[in-house]
Amino acid sequence: MLEILQYDFMRNAFLTAILASIACGIIGVYVVVKKIASLTGGISHASFGGIGLGYFLGTNPLYGLIPFSLLSAVIMGLVSRRSKVSEDTATSILWSLGMALGIIFISMTPGYAPDLMTYLFGNILTVSTSDLHIMIALNALIVIIVYALYKEFMAVCFDEEFALVIGVAVERIYLLLLCLIALTIVLLIKVVGIILIIALLTMPASLSAHYTHNLRNMMYLSICFGAVFSIMGLILSYTLDIPSGATIILVMSAVYSIHFIYDGIRKKVHA
């Protein structure tokens, strides 16, 4: 373990894993409780357009990713709530549109797009110090907003009709939640990539739901699960020299599967 920490990129990777776990632990609980995993997947894939835009403009792709993912979140939220098109259909259309725009922007960019695979499949080892600064700022913003509007988010996630009765601006809070999901996607994108983000957002939160029904405690547990699984995956990927993002998800999936197999056996024994 001490040998791993002697490298700057590994120290950055461990710090990134912790920062990502805080964001996905908090927002992932809302995704699971509100049952908007498919919408979240749509936002993550649509955000690829922002990555392509960043490459096209010659800047850090994260600078294109942040506004594009926020815009995708707002559009998906408004379309799903105000149009007659079903949420799944709207998500699929915007998902494909974002990916298509990203591909077009990248094809129009002179030369080769460096680190493109990192944004698609993740590589936590490539996180730079400037990326860490962005992640810290986004994490702080997410924590502050959730702390300030905790009751409103809880009301909207569990019972929108009750939230309307008590005077909560449901649509605005819902759109804000989607924007927080978009910011979390920005945080996670270099950890596991666009393709695997949905797993990192849902598995720790889903697992924590089996130990407590208190929303705040679910968040704390989800953060802990995410951090432990991410660090385990990071160490394993370093040891076996295999992709870090995929290894993190495999570790999560293995623990998740073992938990539910054990839980099923235990219930049968006590039945």
Side-chain angles (χ1 to χ4, degrees), residues 12 14-34 36-37 39-40 43-44 47 50 60-78 124 127-160 162-164 166-192 197-198 200-202 204-205 208-209 212 214-228 230:
N12 283 352
F14 278 107
L15 183 55
T16 298
I18 294 170
L19 289 172
S21 298
I22 294 171
C24 81
I26 295 171
I27 301 302
V29 167
Y30 288 129
V31 170
V32 170
V33 170
K34 187 66 175 169
I36 51 174
L39 188 59
T40 301
I43 295 171
S44 68
S47 66
N60 186 333
L62 288 179
Y63 296 146
L65 175 63
I66 293 172
F68 206 94
S69 59
L70 288 171
L71 181 62
S72 300
V74 171
I75 291 174
M76 284 191 187
L78 289 174
I124 198 172
V127 175
S128 65
T129 303
S130 61
D131 291 337
L132 275 176
H133 292 158
I134 294 172
M135 294 178 74
I136 290 170
L138 292 179
N139 239 322
L141 181 62
I142 290 168
V143 170
I144 290 169
I145 292 175
V146 170
Y147 180 79
L149 299 172
Y150 177 78
K151 292 181 180 178
E152 287 81 357
F153 283 133
M154 184 167 61
V156 169
C157 285
F158 284 103
D159 193 336
E160 288 195 6
F162 173 74
L164 279 171
I166 62 175
V168 175
V170 171
E171 185 174 89
R172 291 181 183 179
I173 293 296
Y174 180 69
L175 292 177
L176 180 58
L177 176 60
L178 294 185
C179 288
L180 292 182
I181 290 172
L183 293 179
T184 305
I185 287 166
V186 175
L187 273 165
L188 301 180
I189 204 160
K190 277 207 168 183
V191 180
V192 293
I197 275 177
I198 193 65
L200 193 59
L201 266 170
T202 55
S208 68
T212 179
N214 180 284
L215 196 66
R216 200 181 300 271
N217 291 339
M218 280 177 64
M219 291 178 179
Y220 293 144
L221 268 179
S222 184
I223 291 170
C224 292
F225 285 143
V228 170
S230 297

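Not measured: the values here are computed from a predicted model.
No more than 12 heavy-atom neighbours from other residues, nucleotides or ligands sit within 6.0 angstrom of CZ on Phe162. Crowding of Tyr150 atom OH: a count of heavy atoms from other residues, nucleotides or ligands under 6.0 Å exceeding 12.
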Next on the checklist: Apply side chain to side chain contact (heavy atoms under 4.5 Å, CB included) to residues Ile189 and Leu62 and explain how you reach the verdict.
Outcome noted: CA-CA 9 Å; Ile189 204 160; Leu62 288 179; 4.2 Å; yes
Next on the checklist: Would Ile142 and Leu187 count as a side chain to side chain contact (heavy atoms under 4.5 Å, CB included) here? Give the steps.
Outcome noted: CA-CA 11 Å; Ile142 290 168; Leu187 273 165; 3.8 Å; yes
Next on the checklist: Under the criterion side chain to side chain contact (heavy atoms under 4.5 Å, CB included), I'd like the reasoning laid out for Ile27 against Val146: C-alpha separation, chi angles, the key distance, then a yes or no.
Outcome noted: CA-CA 9 Å; Ile27 301 302; Val146 170; 4.2 Å; yes
Item to check | Chi angles and distances behind the side chain to side chain contact (heavy atoms under 4.5 Å, CB included) call for Leu180, Ile26 | outcome: CA-CA 10 Å; Leu180 292 182; Ile26 295 171; over 6 Å; no
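Of the inter-residue distances, the one linking Phe158 atom CZ with Tyr30 atom OH reads 9.0 Å to the nearest 0.5 angstrom. Between Ile185 atom CD1 and Ser72 atom OG the span is 9.0 Å, to the nearest 0.5 Å. To the nearest 0.5 Å, the span separating CG on Leu71 from OG on Ser47 amounts to 11.5 Å. We find the OH-CG distance between Tyr220 and Leu215 to be 10.5 Å, quoted to the nearest 0.5 Å. The distance from the CD1 atom of Ile66 to the CG atom of Leu138 is 5.0 Å, given to the nearest 0.5 Å. Separating the CG atom in Leu141 from the CD1 atom in Ile144 is a distance of 6.5 Å, to the nearest 0.5 Å.
Of the candidates Leu188, Asp131, Val191, Val191 is the only one forming a side chain to side chain contact (heavy atoms under 4.5 Å, CB included) with Thr16.
Residue pairs meeting the salt bridge (Lys or Arg N to Asp or Glu O under 4.0 Å) criterion with at least one partner in residues 140-149, sequence neighbours excluded, do not occur; the list is empty.
Residues Gly226 and Ser21 come closest through the heavy atom pair C-OG, 3.1 Å. Of all heavy-atom pairs spanning Asn12 and Ser128, the tightest one is ND2-C, 4.2 Å. Between Ile124 and Ala17, the shortest heavy-atom distance links the atoms CD1-N, 3.9 Å. Contact between Ser208 and Met218 at its shortest, heavy atoms only, is OG-O, 3.3 Å. Of all heavy-atom pairs between Thr202 and Val32, the closest is O-CG2, 3.8 Å. When all heavy atoms of Ile198 and Ala37 are compared, the pair lying nearest together is CD1-O, 3.1 Å.
For the pair Val186/Leu70, no side-chain contact is recorded, criterion being any heavy-atom separation below 4.5 Å from C-beta on. Side-chain contact between Thr184 and Thr40: absent, with no pair of heavy atoms (C-beta onward) separated by less than 4.5 Å. Val156 has its side chain out of reach of Leu177: every pair of non-hydrogen atoms, C-beta onward, lies at least 4.5 Å apart. Two residues are said to be in side-chain contact when any heavy atoms from C-beta on lie closer than 4.5 Å; Glu160 and Val168 fail this criterion. Contact check for Val74 versus Cys179: side-chain heavy atoms found under the 4.5 Å cut-off.
Asn217 places no side-chain N or O within donor-acceptor distance of the main-chain N or O of Thr212, the cut-off being under 3.5 Å. No donor-acceptor distance shorter than 3.5 angstrom exists from the side chain of Ser230 to the backbone of Ala227, with no hydrogens or angles considered.
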